[in-house]
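Single-structure report; data block below.
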Amino acid sequence: MRTRFDQQLELLNQELTQMGALCEYAISVAAKAFLDNDKSLLPAVFTADSEIDQKERDIEALCLKLLLRQQPVAKDLRSISSAMKMISDMERIGDQAADIAEITRHLDELDIKSRIHIGDMARSTIKMVTDSVAAFVRKDLVAARAVMEYDDVVDELFDKVKSELVELLREDSSVSSLCLDMLMIAKYFERIGDHATNIAEWVEFSITGEHFG
């Protein structure tokens with residue numbers, strides 16, 4: 001019985017890793033579409049978002065099966081319940097990548113320096129998502145806490161983008177609509193960082209039984 005349970009737990013880890021990879025892909029493609037003004041990439045983001053939604057349903061069903069059929073002990077119960085919380089955050093990450101793609105659909109090409117920092121935000125949030133899911137699979141508390149701390153990097157980048165957009169508006173008020181769109185994109189990346197932090201906090205709970213989020 002335990003061997004079967006361990007196999008299903010390993011399957012859960014694999015499914016979570018795949019869902020995390022889909023999130024990373026959605027973020028990176030949405031960021032590239034925005035930074036390169038390549039609207040041909042946008043359908044791939046929406047497809048990835050749909051696949052993430054399906055993964056959430058599949059993993060939720062697997063978790064419920066483990067809970068109902070296996071009656072897991074305390075540590076395993078924490079892992080399964082944490083996984084159910086994590087997939088909710090990953091589903092939101094997929095939604096926010098799609099939101100970025102939707103705004104990008106209507107943006108015109110314009111070389112603005114704040115795009116550099118939005119690119120940095122994208123790379124930072126991808127790192128956070130990757131590291132938080134890997135921390136769960138490896139049961140790595142140090143890595144999970146590093147993700148939580150790294151959220152400060154994304155917050156600082158968001159503040160830089162806001163400052164740059166304010167300066168741009170001072171120079172040219174005709175770009176107010178564009179600045180608002182870019183601020184929303186930056187905000188979505190900032191929220192992705194928050195969700196990755198949530199995932200890391202649930203990793204900590206799965207290992208220690210304590211949740212401070």
Side-chain angles (χ1 to χ4, degrees), residues 16-56 86-135 143 146-168 175 177-200:
L16 281 168
T17 300
Q18 290 172 15
M19 189 174 182
L22 282 169
C23 290
E24 295 157 28
Y25 175 76
I27 301 165
S28 61
V29 175
K32 183 172 177 57
F34 167 69
L35 294 167
D36 296 347
N37 194 41
D38 187 350
K39 293 180 173 57
S40 69
L41 297 173
L42 297 178
V45 182
F46 299 123
T47 298
D49 181 36
S50 296
E51 292 174 354
I52 289 166
D53 290 345
Q54 184 59 53
K55 274 290 181 191
E56 182 190 28
M86 290 166 59
I87 59 174
S88 177
D89 279 296
M90 284 195 273
E91 190 274 334
R92 291 298 299 135
I93 288 171
D95 287 347
Q96 281 148 7
D99 289 335
I100 291 166
E102 188 60 43
I103 295 174
T104 300
R105 192 203 297 272
H106 305 292
L107 279 180
D108 295 324
E109 171 61 20
L110 187 60
D111 185 21
I112 295 175
K113 65 178 182 178
S114 61
R115 290 194 178 191
I116 297 171
H117 285 117
I118 290 179
D120 290 341
M121 288 185 77
R123 286 184 286 273
S124 295
T125 55
I126 290 168
K127 171 181 169 58
M128 291 178 71
V129 173
T130 303
D131 291 352
S132 60
V133 175
V147 172
M148 297 178 214
E149 293 174 3
Y150 200 80
D151 191 43
D152 291 340
V153 173
V154 176
D155 290 342
E156 288 171 7
L157 287 168
F158 180 59
D159 289 339
K160 283 183 181 179
V161 171
K162 284 194 295 185
S163 297
E164 288 170 352
L165 291 173
V166 168
E167 184 60 31
L168 183 66
V175 295
S177 179
L178 174 67
C179 286
L180 181 60
D181 285 337
M182 294 185 68
L183 181 62
M184 286 304 302
I185 286 173
K187 185 62 181 175
Y188 285 130
F189 279 120
E190 190 262 344
R191 287 178 181 171
I192 289 171
D194 289 342
H195 285 295
T197 300
N198 290 345
I199 292 169

Going by side chain to side chain contact (heavy atoms under 4.5 Å, CB included), name the residues that satisfy it together with [X], two or more places apart in sequence or in a different chain.
| X | result |
| --- | --- |
| V166 | R170 |
| A33 | L41, L42, T104 |
| T197 | M128, M148, D151, E201 |
| E24 | I126, V129, T130 |

Closest approach of [X] and [Y], non-hydrogen atoms and distance?
| X | Y | answer |
| --- | --- | --- |
| A26 | A48 | CB-CB, 4.0 Å |
| A200 | S132 | N-CB, 4.1 Å |
| G20 | V133 | CA-CG2, 4.2 Å |

For [X], enumerate each residue passing the salt bridge (charged side-chain N to carboxylate O under 4.0 Å, His left out) test, keeping only those at least two apart in sequence or located in another chain.
| X | result |
| --- | --- |
| D159 | K162 |
| E56 | none |
| E51 | none |
| D49 | none |

Does [X] have any side chain to side chain donor-acceptor pair (under 3.5 Å) partners at least two apart in sequence or in another chain, and if so, which?
| X | answer |
| --- | --- |
| D181 | none |
| K55 | E15, Q18 |
| D95 | R92 |
| S40 | D38 |

Between [X] and [Y], is any pair of side-chain heavy atoms under 4.5 Å apart?
| X | Y | answer |
| --- | --- | --- |
| E91 | D89 | no |
| L16 | M90 | yes |
| I27 | F189 | yes |
| D194 | E190 | yes |
| I192 | H195 | no |

Between Y188 and I103, is the side chain to side chain contact (heavy atoms under 4.5 Å, CB included) condition met? List the steps.
CA-CA 11 Å; Y188 285 130; I103 295 174; 3.7 Å; yes
Rounded to the nearest 0.5 Å, what separation is found between the [atom1] atom of [X] and the [atom2] atom of [Y]?
| X | Y | atom1 | atom2 | value |
| --- | --- | --- | --- | --- |
| L107 | E102 | CG | CD | 11.0 Å |
| H117 | D120 | NE2 | CG | 5.5 Å |
| L168 | S163 | CG | OG | 12.5 Å |
| M184 | C179 | CE | SG | 14.0 Å |
| T125 | Q96 | OG1 | CD | 10.0 Å |

Residue of the set V161, L157, I100 for which side-chain contact (heavy atoms from CB on, under 4.5 Å) holds with I118
V161
Stepwise side chain to side chain contact (heavy atoms under 4.5 Å, CB included) check, R105 with F46
CA-CA 12 Å; R105 192 203 297 272; F46 299 123; 3.2 Å; yes
Does F158 have more than 12 heavy atoms from other residues, nucleotides or ligands lying within 6.0 Å of its CZ?
yes
